S.K.: 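The structure follows.
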Number of protein chains: 4
Amino acid sequence: MAAGDGTWREYDAVELPRVLQGALEAFAEQGYHGASIRELAARAGLSVPGLYHHHASKQDILRALLDAVLTDLLRRCTDALASTGDHPAERFDALVECLLRFHMFRTEHAFVATSELRSLTPANREHVVGLRDALQHLLDDVVEEGAADGTFTTPYPKAASRGVATLCLGVASWYRPDGPLSPDELVRRHLTLARGIVNGRD
Amino acid sequence: MAAGDGTWREYDAVELPRVLQGALEAFAEQGYHGASIRELAARAGLSVPGLYHHHASKQDILRALLDAVLTDLLRRCTDALASTGDHPAERFDALVECLLRFHMFRTEHAFVATSELRSLTPANREHVVGLRDALQHLLDDVVEEGAADGTFTTPYPKAASRGVATLCLGVASWYRPDGPLSPDELVRRHLTLARGIVNGRD
Amino acid sequence: MAAGDGTWREYDAVELPRVLQGALEAFAEQGYHGASIRELAARAGLSVPGLYHHHASKQDILRALLDAVLTDLLRRCTDALASTGDHPAERFDALVECLLRFHMFRTEHAFVATSELRSLTPANREHVVGLRDALQHLLDDVVEEGAADGTFTTPYPKAASRGVATLCLGVASWYRPDGPLSPDELVRRHLTLARGIVNGRD
Amino acid sequence: MAAGDGTWREYDAVELPRVLQGALEAFAEQGYHGASIRELAARAGLSVPGLYHHHASKQDILRALLDAVLTDLLRRCTDALASTGDHPAERFDALVECLLRFHMFRTEHAFVATSELRSLTPANREHVVGLRDALQHLLDDVVEEGAADGTFTTPYPKAASRGVATLCLGVASWYRPDGPLSPDELVRRHLTLARGIVNGRD
DNA sequence: GATGAATGAGTTTTCATTCAT
DNA sequence: CATGAATGAAAACTCATTCAT
């Protein structure tokens, strides 16, 4: 994938393998423990042993799913940063837009990625949390850079960065594709809110 | 409860009945479907039939828990509003502080109240979602009022209100009591961020 | 109860203590194992410990019920025999009429008395089966007597006696109080059928 | 199955699938509610989930059992009628013999089929009662035909038909294979009793 | 990869029964 | 007698997983 090619804005209908896509929906609706292997198999259009042909266990399906989700988001974020200029304001806007779009068009991914972290084995959780932390660091770096060179006025860059992330993730909890505002308009407005966070003063 | 008595700032160690307190911890760690009735009973210090003496079903425990959590939060918020002056800025600050404190000192409550909404029966969910909506309306009203009289400059009061709520709820996902900053300092800083959201400009 | 006083034809609405009456209905509808102590208590208008005040156990309720049912039937049959003349034909008619009426007006009693024999403790079953055998003996004696003196022509008095009993008990399995024929007419017709059984020839 | 092939007189040791055979014995001894799924599984030589692989629920086992029992009896009865001549006396004898043999060699089937009707779901009960009614109709038709053409003298064909059925079913409640009389002799004698029922006079 | 059969360990829930008040 | 709280044992049923074909 070439840097800056802009594919980080594209969200096609299906991007996950059938097994993971079905698992995603099942986990979103009923949670990891509430979804049975039989249901995952049915949603994937496979038999139960067929499902075990692809994954060694139910836990492995969750691990593969969260890994795919976070890897995709991370890839989009680095692409977004690579597709823009050097100035902190530009980089901030690109990153925030990327996060907003993902949490608008992948609400289930986002919900499962946070609500089912606890259902991962410690070893698996460690890996996934690492990906999530890497994401947060991308934003932290941009905000700190901007705060350092005076682009952003906030006296609390760390808290602001976390607040911006929270704002973006929170979109997933209320966004509906049939809402009154277009995605582009929503992105624009929330970019304004995000800029407000990094430009507050005591 | 007298208006403005300030109890909305107090967070004692235990406020829930033993059964619900145990259920809260279990649901937070393992999710509704991942926590067994046996475990809920053990955490409550009861035998399994003893637990059924108090609640008709596992679902009833979840319903009672979410009801207690949201009713408590709602009570604190109305108390907070009753304890301050009439100006939108004051009311905004009181409400945001109340939400921040709750999501700092009751992180598990907050997590379970959102992650296990899906595990409620439709009828039960309707009731709990009603409480949640009432909360959001409290904030919406204050922000709209302040936007109308020029206290806040945001051109998007509805989005800003939702953004502030998201910011406050999001605190629950990262706050740790042993962090470097005191709760009061954290409240102060995030109040700044929240004011930034309602005071942004296009 | 004076001999021959004719009370064996009378069937009032309630004759059993409240506990046993409720148990009778519950056992008829759901069987001994299908009816819970809580349901028996509710039907009796008692609390659960209140029910245990009257009976030591669920098994004891079944025992008391079957004892009451069979004792009542046995009393009615001996009354019927005491209220008529000496001739085998008269005695046969009285006994058959008595059995028919009981199985018409006490269908639930009859059903439970046979279907729940198996649910009795061996010791209790022995007692109740003794009562049932005593009943069959009353009929056996009358039929044998009539066969011996030529009143009945059947070559198989034992089989015939059992067949008559079966005919009478079977009434309980289809009789409905709102059927087209009056109880008296049904008694008359089945008396005719019973006489046919003891008057058959090879 | 060819008409009149006489297989309706044959009773081999086992005719039911293992699961239903075990369920039959358990239900006969302890009733539907008194027999546990664990016991049904043990009697079938299966584990509990193994049993659920074949039947969806305990209720489904009861339904399948009663269906198999009544279908078998109905098949035997129609075979018996097909294997004899046209005269009502012949047809009556064949049907009564068939009913007698079934209730002698399949006492448990007969007992469970009547005592556990109440344990069926309404929908399932409707189906099974339909089969039972079809059986009674076979006998009703033969008796009415014989009463119409003067073969039988009874003035109450409907009551007589029901009485004959009761007599045959009742055999199941006392027949023991180790009794003093051979099955053939018992059939002969009870055929005599049955003929007495349809040939009584007022 | 599908099918069908199987299972140990677990699930939620109910049972009969007891006891203090 | 009622109330309320409690419990060991067992109920019906489902789970994730395996294996032979």
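Naming convention: chains lettered A, B, ... in sequence-line order (proteins, then strands); numbering from 1 in each chain. None of these values were measured; they are calculated from a predicted model.
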S.K.: Side chains of S36(C) and E39(C): do they bring a donor and an acceptor to under 3.5 Å?
M.R.: no

S.K.: Partner lookup for dT11(E), please. Criteria are Watson-Crick or G-U wobble with both distances under 3.5 angstrom; report none if nothing qualifies.
M.R.: dA12(F)

S.K.: Which residue lies toward the 5' end of DNA chain F, H54(B) or P49(D), if each is placed at its nearest nucleotide?
M.R.: H54(B)

S.K.: Write down the distance between NE2 (H55(A)) and C1' (dA16(F)), rounded to a whole number of angstrom.
M.R.: 15 Å

S.K.: Counting the atoms with a prime plus P, OP1 and OP2 as sugar-phosphate, which does G45(D) contact under 4.0 Å by heavy atoms, base, sugar-phosphate, or nothing?
M.R.: nothing

S.K.: Can you tell me the base-pairing partner of dG4(E)? Count Watson-Crick or G-U wobble geometry only, both distances below 3.5 Å, and say none if there is no partner.
M.R.: dC19(F)

S.K.: Using the closest heavy atom to pick a nucleotide of DNA chain E for each, name whichever of S36(B) or Y52(C) lands nearer the 5' end.
M.R.: S36(B)

S.K.: Send over the distance from K58(A) NZ to dT18(F) P, rounded to a whole Å.
M.R.: 14 Å

S.K.: To the nearest angstrom, how far is H53(A) atom NE2 from dA16(F) atom P?
M.R.: 21 Å

S.K.: What nucleic acid atoms does A35(A) come within less than 4.0 Å of, heavy atoms only: base, sugar-phosphate, or nothing?
M.R.: sugar-phosphate

S.K.: Return the value, rounded to whole Å, for the distance between atom CG of D60(D) and atom C1' of dC13(F).
M.R.: 14 Å

S.K.: What is the distance, rounded to the nearest whole Å, between atom CD1 of I61(C) and atom C1' of dT17(E)?
M.R.: 12 Å

S.K.: Looking at every strand, decide which applies to A41(D) at a 4.0 Å heavy-atom threshold: base, sugar-phosphate, or nothing.
M.R.: nothing

S.K.: For G50(C) and for Q59(D), locate the closest nucleotide of DNA chain F by heavy-atom distance; then report the residue assigned to the nucleotide nearer the 5' terminus.
M.R.: G50(C)

S.K.: For E116(A) and R118(B), what are the C-alpha separation, side-chain angles and deciding distance, and is it a salt bridge (Lys or Arg N to Asp or Glu O under 4.0 Å)?
M.R.: CA-CA 13 Å; E116(A) 297 302 347; R118(B) 65 179 168 203; 3.0 Å; yes

S.K.: Round to the nearest Å and state the distance from L51(A) atom CG to dC15(F) atom P.
M.R.: 14 Å

S.K.: How long is the line joining CG of L62(C) and P of dA16(E), in whole Å?
M.R.: 13 Å

S.K.: Look at all strands and tell whether I37(D) reaches a base, only sugar-phosphate, or nothing, counting heavy atoms closer than 4.0 Å.
M.R.: sugar-phosphate

S.K.: Keeping the roles fixed (side chain from S47(B), backbone from G50(B)), state whether a donor-acceptor pair exists under 3.5 Å.
M.R.: yes

S.K.: Calculate the interatomic distance between H33(D) atom NE2 and dA11(F) atom P; express it in whole Å.
M.R.: 14 Å

S.K.: Which sits closer to the 5' end of DNA chain E, S47(D) or V48(B), going by the nucleotide each is nearest to?
M.R.: S47(D)

S.K.: Can you name the one residue among Q21(D), R106(D), H109(D) that meets side-chain hydrogen bond (donor to acceptor under 3.5 Å, both in side chains) with E15(D)?
M.R.: R106(D)

S.K.: Rounding to an integer number of angstrom, what distance separates dT21(F) and dG1(E) when you compare their C1' atoms?
M.R.: 13 Å

S.K.: Say you draw a straight line from CZ of F102(D) to OH of Y11(D); how long is it, rounded to the nearest 0.5 Å?
M.R.: 6.0 Å

